[in-house]
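To start, the structure itself, in structure tokens.
Naming: A, B, ... by sequence-line order, numbering from 1 per chain. Here the structure is a predicted model, which means the values were calculated and not measured.
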Amino acid sequence: MKDIGQYDHKKVEEKYAKLWVERVLYSVKDTSGEKFSVVIPPPNVTGSLHMGHALNATLQDIICRWQRMLGKEVVWVPGFDHAGIATQYVVDRQLQEKGINRLDLGREEFLKKVWEWVPISRNAIREQLERLGVSVDWKRERFTLDEGFSRAVRYAFRRLYEEGLIYRGEYMVSWCPKDLTALSDLEVEHEEEEGKLYYIRYPLEDGSGYITVATTRPETMLGDTAVAVHPEDERYKSLVGKRVRLPLVEWKRKAMDGSEVEPIIPIIADERVKPEFGTGAVKITPAHDPLDFEIGKTHGLPFVQVMDQFARMNHNAGQFEGLDRYEARKKIVERLEELGLLEKVESHRHAVGKCYRCKTVLEPFVSTQWFLKVSDPRIRDQAIRVVKEGLIRFIPENWSKIYLQWMENLKDWCISRQIWWGHRIPVWYCEDCGHTNVFTDEDFDRVYDKLIFNLIADGKIGEEFTPEEVADLLNSPSFVHPEMTLLDFYKHFAFHKYHSTEVDANSLRLFFTQDLNPMAILTEKKSRYRYNPQKKTYRFVLRCKKCGSERLRQETDVLDTWFSSALWPFGVFGWPEATQDLQKLYPTDLLVTGFDIIFFWVARMVMMGTFFTKDIPFKDVYIHALIRDEKGQKMSKTKGNVIDPLDIVEKYGADALRFTLAILTQQGRDIRLSEKRFEGYKHFANKLWNAGRFILLNLDEDLLYNLPYGAPPRPEDLWIITKLNRTIERVNKALSEYEFSEAARELYEFIWSEFCDWYIEFSKIRLYAKPQSEDPEEEKRIKAERISAQATLLMVFEKTLRLLHPFMPFITEELWQALPTAHQESISLTQYPQFNPQEIYEEAEKKVERIKEIISSIRSLRSDLRIEPSRRIKLYYRAEESKSLVEEFMPHILSLARLESLEEVAERPPRSVAGFSKDFEFYVLAEENINLEELISSYSRRLAEVERSMETFEKRLSNENFLKKAPEEEVQRTKEALEELKGERERIQRLLTILQEAR
RNA sequence: AGGCGCGUAGCUCAGAUGGCAGAGCGCCGCCCUUACAAGGCGGAGGUCGGCGGUUCGAGUCCGCCCGUGCCUACCA
């Protein structure tokens with residue numbers, strides 16, 4: 001007997017969100033058993049989580065909690081992504097709002113600002129994840145820019161470089177003139193736009209006429225160095241080899257190789273020109289168009305850049321210099337028109353590439369960049385094989401096709417970015433011999449040299465540093481784990497080998513006093529350190545591996561953020577160190593992510609994973625849908641249609657949020673979300689709570705001791721046990737197939753429609769039973785009955801809570817802890833219910849289902865007759881097969897159909913109205929004010945329906961082909977169904993006649 | 001331009017292996033029946049986008065079309 005009162009999701013959830021983290025429930029210490037490991041797709045530190053993250057986290061948590069309850073040692077690694085451009089963009093905008101320009105601030109100062117921002121975002125996200133109840137192991141939290149991870153990135157870069165898989169070169173890339181960086185092909189968003197196609201006449205040099213070219217970008221004509229036609233194009237065959245005078249350009253232009261280029265340009269033939277497009281003649285601007293770049297290369301054409309990094313016209317643009325590309329376009333078109341060289345302008349739909357971050361139209365731009373040869377068989381073949389052979393499994397399956405398609409058409413990946421926030425490429429160019437040096441800490445023997453190298457490469461200390469600076473830094477709290485020092489963190493995540501032996505505070509002190517003794521350094525030419533006696537600072541010296549020069553210049557570019565993300569599933573476990581974690585927990589078992597980053601991330605993890613670890617990074621890849629708003633629009637801040645998960649958690653609770661997301665997650669389908677959905681499942685949580693409240697209110701304190709004195713189970717007990725058992729089976733099956741929606745629906749259906757609607761109602765018969773006499777035997781019997789009802793309620797409810805726990809962790813925890821059977825620190829540490837074939841009671845199941853039908857049919861009649869629920873009425877019945885059942889379940893029918901009495905009669909009582917359910921026919925005495933019309937129309941509708949069904953069955957059975965060809969079983973089934981319908985029709989007809997007479 | 005997905009009740013969506021169309025929300029009616037009005041009980045509502053084909057039988061399999069969403073792509 002205890003009352004848990006009304007459901008207050010905030011109270012419950014806030015309590016456990018904190019408690020679970022404090023008690024470190026989800027940190028596995030002993031990893032000797034069967035493991036289940038997952039790495040979270042690290043959220044970007046760009047702000048806070050959106051609904052997509054909430055979905056992602058929820059689905060992973062459902063699986064992780066389920067696996068944990070199945071007895072596995074679940075390790076779920078959380079973390080964050082530094083998210084290069086995205087984060088830089090966010091901080092840049094914040095500064096702009098304060099009127100600060102990033103370029104004025106300079107790299108170092110700007111990075112400081114970013115490091116100030118990151119913890120703000122990270123804490124917000126952490127808090128959100130905790131509120132969602134995710135069971136990650138916070139002790140393992142990682143950041144893609146933390147010390148260990150950065151080291152892994154450098155290691156990976158070096159390996160790839162040494163294997164010849166990374167190269168540097170001058171190529172055409174997509175350039176964002178706003179973010180001032182190159183982007184990979186994937187970061188280009190193509191958008192269809194209504195543009196214009198300009199037809200421009202280029203006069204032939206000999207004055208014999210002109211050739212007309214068509215272009216969408218007239219401003220690039222200033223950089224034209226040829227006109228190309230298809231070699232087989234009869235219209236232009238005679239012109240090939242001739243030259244044209246480039247209009248407007250009356251000056252010499254400077255090509256990228258420094259040579260001067262005349263505005264007289266050749267007409268060349270190239271098969272890549274499509275004769276059917278435009279005029280069939282195309283202007284060639286090798287420095288500003290990808291195809292022209294290729295053609296320029298093959299034909300040895302000069303490359304003339306006419307724009308700078310801001311997409312402004314440069315010195316090659318003569319009078320147009322300094323104009324923005326679009327202004328230049330306008331001016332150039334005007335000029336051409338004046339000169340009569342603009343033949344016509346057509347409207348033209350075409351795709352333009354935009355920056356995926358800032359949506360600026362990108363400029364094809366020739367520049368020197370770093371590339372990763374992902375198309376190399378050493379990388380690609382494995383990545384294809386592991387998916388083809390099913391070692392990695394996509395769910396839903398069709399994504400593997402998309403993955404493979406993309407893999408087949410791989411192009412080299414531009415991995416360098418001209419931004420500041422990210423992993424600086426670990427390359428130092430020699431100013432003397434020009435050698436490209438790639439350094440990692442492997443190049444140094446002593447641990448402290450390694451350490452200091454890493455600090456420098458990370459930009460954690462400046463080129464010149466004092467020992468105090470280094471010591472302070474190493475003794476300061478780690479960015480990721482404030483309870484550790486930076487040095488601890490290094491030891492833990494990066495210097496596995498040296499763990500607790502060589503690296504400690506004492507040796508650190510010794511290192512600085514002995515090894516970095518200024519006198520020793522000044523006299524020791526080969527020292528790694530240079531001492532500056534004036535400033536009392538040290539410099540860590542790198543020497544060119546080829547010529548030994550100390551004059552090295554570090555590459556200023558940083559790596560594409562996805563380069564580091566690609567190492568995530570093994571980097572988090574300490575790779576490249578051969579840690580125990582790596583051996584035990586890698587490959588991971590599951591990756592849950594959205595389809596929008598299959599190419600960006602999933603594919604690259606597979607490529608890097610198989611390349612570096614010779615193993616797959618994960619076994620199952622569950623691809624979930626994208627969250628959209630109720631109109632099917634992508635949620636975005638600019639559209640203002642975002643639903644903030646924290647708002648929902650506040651208003652409806654994390655449990656409701658999670659359950660909603662789970663039940664809406666049908667495989668491979670986008671989720672349209674409106675706030676209304678959450679409300680419905682909050683009601684579900686409330687329903688569950690109230691069921692718990694009811695049970696607790698009705699449990700006797702001494703129940704657990706009295707269990708042996710309980711009466712044997714009744715059919716409804718066996719029925720609900722069977723129903724629960726079937727639900728257990730279905731939920732486990734659904735989860736094993738990642739059918740979240742199916743699992744959630746089964747739970748909802750069972751809890752609400754079976755347990756609450758029927759079983760609890762049935763149980764009240766025994767719980768509320770009062771002895772009719774003073775007979776002590778009867779009292780004893782009633783008590784025994786009550787015990788058995790309580791026991792079943794408790795047992796079924798307890799199992800149900802465990803079954804539901806992965807979906808709604810908070811409320812299930814709270815209710816479970818309130819049960820007298822609670823015996824564990826947390827419900828999440830108990831076992832997940834499993835199907836038990838012994839607990840299927842078909843006989844009882846059938847009986848109770850039939851009784852439900854009978855009760856419903858009585859309720860239906862009552863409702864049609866407008867008899868209020870509170871009025872207990874007398875009912876009379878006739879029945880054949882159902883008779884014994886009705887007698888057996890008399891109390892149930894009386895109670896749930898709210899009857900005063902139910903008596904068997906031989907004939908329909910006079911002046912009565914009738915209803916039926918199969919052979920069970922029942923009668924209510926008609927009163928003066930009874931409403932028959934509703935009933936008559938109800939029966940009429942029913943009759944029509946039955947007759948319609950009969951017709952289709954009769955037609956089918958009179959079809960010879962059906963009888964001949966359909967399976968015997970099917971024919972039989974149809975016949976039986978028809979017989980049943982016939983009986984029903986007769987009954988309805990009879991009842992209708994009665995009603996009409998009574999009218 | 002290719003590829004993928006979707007079109008079923010007013011809305012959001014379920015409907016292995018073809019065999020009497022389902023749920024939630026919304027709507028209508030009656031009820032504060034001592035777990036729950038965030039509730040109970042009862043009910044209405046659908047030519048399964050269109051056309052053709054395979055089949056005894058098609059929401060389900062095949063073809064075409066229409067609508068819609070997304071991904072990929074160097075048509076200047």
Side-chain angles (χ1 to χ4, degrees), chain A residues 3-4 6-7 172 185 190 197 213-217 220 228 272-274 276-279 281-285 289-294 348 350-351 353 364 398-399 401-402 405-406 409 595-596 598-599 626 628 630 632 634 663-664 666 668-674 676-677 679-698 741-742 745 748-749 753 756-757 760-761 764 768 856 859-864 866-872 896 898 934 938 941 945 948-950 952-953 956 959-967 969-971 973-974 977 981:
Chain A
D3 189 355
I4 52 174
Q6 301 237 307
Y7 176 49
M172 177 149 290
D185 298 335
H190 296 275
L197 192 58
V213 298
T215 180
T216 53
R217 308 198 50 204
T220 63
R272 286 165 284 194
V273 178
K274 289 182 188 124
E276 65 280 2
F277 189 89
T279 60
V282 57
K283 61 192 261 327
I284 300 295
T285 325
D289 180 276
L291 178 64
D292 295 4
F293 179 85
E294 297 297 326
H348 177 64
H350 64 131
N398 61 314
W399 292 109
K401 209 169 104 191
I402 290 163
Q405 242 169 39
W406 186 75
N409 302 310
F595 62 80
D596 49 331
I598 289 183
F599 305 142
L626 233 54
R628 298 175 183 284
E630 46 207 317
K634 229 173 170 167
I663 208 163
L664 291 179
Q666 265 106 44
R669 207 189 240 261
D670 287 352
I671 298 175
R672 288 187 184 210
L673 208 55
S674 73
K676 269 224 110 49
R677 313 305 296 257
E679 206 185 327
Y681 296 108
K682 187 194 168 183
H683 294 175
F684 175 56
N686 190 54
K687 187 75 180 176
L688 182 77
W689 181 269
N690 282 308
R693 186 181 181 197
F694 170 82
I695 291 166
L696 288 165
L697 276 172
N698 288 289
S741 180
E742 176 71 17
R745 257 201 310 274
Y748 185 94
E749 176 74 16
S753 310
C756 291
D757 286 353
I760 284 187
E761 294 307 320
K764 287 176 181 172
Y768 296 164
S856 291
R859 284 169 170 173
S860 180
L861 181 73
R862 288 182 61 125
S863 177
D864 283 342
R866 301 281 184 274
I867 301 172
E868 316 84 84
S870 54
R871 229 173 88 208
R872 297 213 168 244
L896 270 69
R898 304 199 63 77
E934 190 74 21
S938 165
R941 268 196 309 272
E945 209 176 287
R948 198 152 24 91
S949 297
M950 284 179 63
T952 63
F953 285 154
R956 190 175 302 169
N959 182 341
E960 273 181 45
N961 278 325
F962 175 71
L963 298 174
K964 253 193 304 199
K965 295 187 185 173
E969 200 185 55
E970 190 55 40
V971 177
R973 212 182 313 166
T974 311
L981 285 171

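Applying the Watson-Crick and G-U wobble criteria (two distances, each under 3.5 Å), B:rA1 pairs with B:rU72. When both pairing distances are held under 3.5 Å, B:rG52 makes a Watson-Crick or G-U pair with B:rC62. Across the strands present, B:rG24 finds its partner in B:rC11; the criterion is a Watson-Crick or G-U wobble pair with both atom distances under 3.5 angstrom.
Separating the C1' atom of B:rC20 from that of B:rG24 is a span of 23 Å, rounded to the nearest Å. Across B:rU34 and B:rG43, the matching P atoms stand 23 Å from one another, rounded to whole Å. Rounded to the nearest Å, the gap between the C1' atom of B:rC11 and that of B:rC27 is 12 Å. One C1' atom belongs to B:rC74, the other to B:rC61, and the distance between them is 40 Å to the nearest Å.
Taking 3.5 Å as the limit, the base of B:rC75 and the side chain of A:Lys274 contain no donor-acceptor pair of atoms between them. Within 3.5 Å, no donor on the side chain of A:Gln6 pairs with an acceptor on the base of B:rA35, nor the reverse.
For A:Tyr768, a side-chain nitrogen or oxygen approaches OP1 or OP2 of B:rA35 to under 4.0 Å. Between A:Ser938 and B:rG43 there is no side-chain polar atom (N or O) within less than 4.0 angstrom of OP1 or OP2.
Ion pair A:Arg941/A:Glu945 not flagged as a salt bridge, since none of the NZ, NE, NH1 or NH2 atoms sits closer than 4.0 Å to an Asp/Glu carboxylate oxygen. Under a 4.0 Å N-O distance rule, the pair A:Glu679/A:Lys682 does not qualify as a salt bridge.
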